[in-house]
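This report concerns only the one structure given below.
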Amino acid sequence: MPASFCGTWDMISSANIEGYMIALGISFYLRKIAARLKLRKVIEQPGDQYIIKTTSSFRNYTVSFKVNQEFEEFTQGLDNRLVKSLVTWEGNKLVCEQHGEKKNRGWAHWIEDDKLHLEMYCEGEVCKQVYKKNVNE
Ligand code: 1AG
């Protein structure tokens with residue numbers, strides 16, 4: 001059984017968010033702001049649902065879903081696109097495919113050495129982030 005993703009996680013590293021944002025067509029101005037943000041993930045699991053909140057001093061983004069159940073996702077405040085998303089388990093990885101205008105788009109979360117790992121990918125660009133559990137929240 002995979003480790004629980006629930007809790008508050010603070011970003012400790014981020015690589016190639018610039019390439020990922022360029023692939024999404026984010027403007028220069030927003031990229032400069034977004035690249036500096038210290039992101040936090042607050043993950044809850046009520047029942048068979050997941051709620052992943054990404055928070056920052058600039059904007060927040062929340063997605064909620066059930067595994068193996070396709071849903072419509074509007075990436076509000078990010079690239080503002082409508083995608084059809086499907087989250088599945090691939091081994092110990094929670095993997096989301098985001099089908100829409102952008103090809104090969106999605107993300108994967110997994111836990112390794114008590115850290116929450118995230119890869120976000122779009123059209124060949126991969127942003128890799130690692131989060132550390134915040135036990136005070
Ligand atoms: C996500 O996480 C969303 C996380 O799907 C957003 C992370 C980085 C920003 C990505 C693209 C930037 C687009 C526009 C820039 C404008 C504002 C940046 C605000 C970022 C804070 C919300 C995957 C998964 C579940 O954890 O969502």
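Linking ILVMFWY side-chain heavy atoms closer than 4.5 Å, directly or via other members, places Met11 and Ile33 in a single hydrophobic cluster.
In terms of the side chain to side chain contact (heavy atoms under 4.5 Å, CB included) criterion, residue partners of Thr8 (sequence neighbours excluded) are, by chain and number, Asp10, Arg40, Val42, Asn134, Glu137. With sequence neighbours excluded, no residue forms a salt bridge (Lys or Arg N to Asp or Glu O under 4.0 Å) with Asp114. Judged as a salt bridge (Lys or Arg N to Asp or Glu O under 4.0 Å), and not counting sequence neighbours, the contacts of Glu101 are Arg81. Residues passing the side chain to side chain contact (heavy atoms under 4.5 Å, CB included) test with Arg59 are Leu30, sequence neighbours excluded. In this view, Glu73 and Tyr61, Val63, Phe71, Thr75, Val83, Ser85, Gln98 satisfy the side chain to side chain contact (heavy atoms under 4.5 Å, CB included) rule, not counting sequence neighbours. With sequence neighbours excluded, the residues forming a salt bridge (Lys or Arg N to Asp or Glu O under 4.0 Å) with Lys32 are Glu18, listed by chain and number.
Between Lys41 and Ile52, the closest heavy-atom pair is CD-CG2, 4.1 Å. In terms of heavy-atom proximity, Ala35 sits nearest to Met21 at N-CE, 4.1 Å.
Connectivity analysis of hydrophobic side chains (ILVMFWY, heavy atoms under 4.5 Å, direct or indirect) links Leu86 to nothing; its cluster partners are none. The hydrophobic cluster containing Phe74, built from Ile/Leu/Val/Met/Phe/Trp/Tyr side-chain heavy atoms closer than 4.5 Å, also comprises Leu82. Ile12 belongs to a hydrophobic cluster whose other members, connected by ILVMFWY side-chain contacts under 4.5 Å either directly or through intermediates, are Val130.
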Using atom types as modelled, flag every donor-acceptor pair under 3.5 Å from a side chain in residues 115-125 to any protein atom, sequence neighbours excluded.
| unit_1 | atom_1 | unit_2 | atom_2 | d |
| --- | --- | --- | --- | --- |
| His117 | ND1 | Lys128 | NZ | 3.0 |
| Glu123 | OE2 | Lys103 | N | 2.9 |
| Glu125 | OE1 | Asn16 | ND2 | 2.9 |

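Sorted by first then second residue, the side chain to side chain donor-acceptor pair (under 3.5 Å) pairs that include residues 62-72, not counting sequence neighbours, are Glu72-Lys84. Applying the ring-ring contact (aromatic ring centres under 6.0 Å, His included) rule to pairs touching residues 16-54 yields Tyr50-Phe65, sequence neighbours excluded.
Within the 4.5 Å cutoff, the side chain of Glu44 has no heavy atoms near those of the Gln49 side chain. Put simply, the side chain of Leu94 reaches to within 4.5 Å of the side chain of Val87, judged on heavy atoms.
The backbone N or O of Ala23 lies less than 3.5 Å from a partner atom in the side chain of Lys102, making a donor-acceptor pair.
Atom-to-atom distance recorded for Tyr131:OH and Ile43:CD1 is 9.0 Å, nearest 0.5 angstrom. Atoms CG and NE2, on Asn104 and His99 in that order, are 9.5 Å from each other to the nearest 0.5 Å. The CZ atom of Phe58 sits 7.0 Å away from atom CG of Leu37, with the distance rounded to the nearest 0.5 Å. The distance from atom NZ of Lys133 to atom SG of Cys6, rounded to the nearest 0.5 Å, is 7.5 Å. Distance check: Arg36 CZ to Ile17 CD1 gives 13.5 Å after rounding to the nearest 0.5 Å. To the nearest 0.5 Å, the span separating CD1 on Ile22 from OG on Ser27 amounts to 11.0 Å.
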List the steps, then state whether side chain to side chain contact (heavy atoms under 4.5 Å, CB included) holds for Ile111 with Trp9. CA-CA 11 Å; Ile111 289 179; Trp9 304 85; 4.1 Å; yes

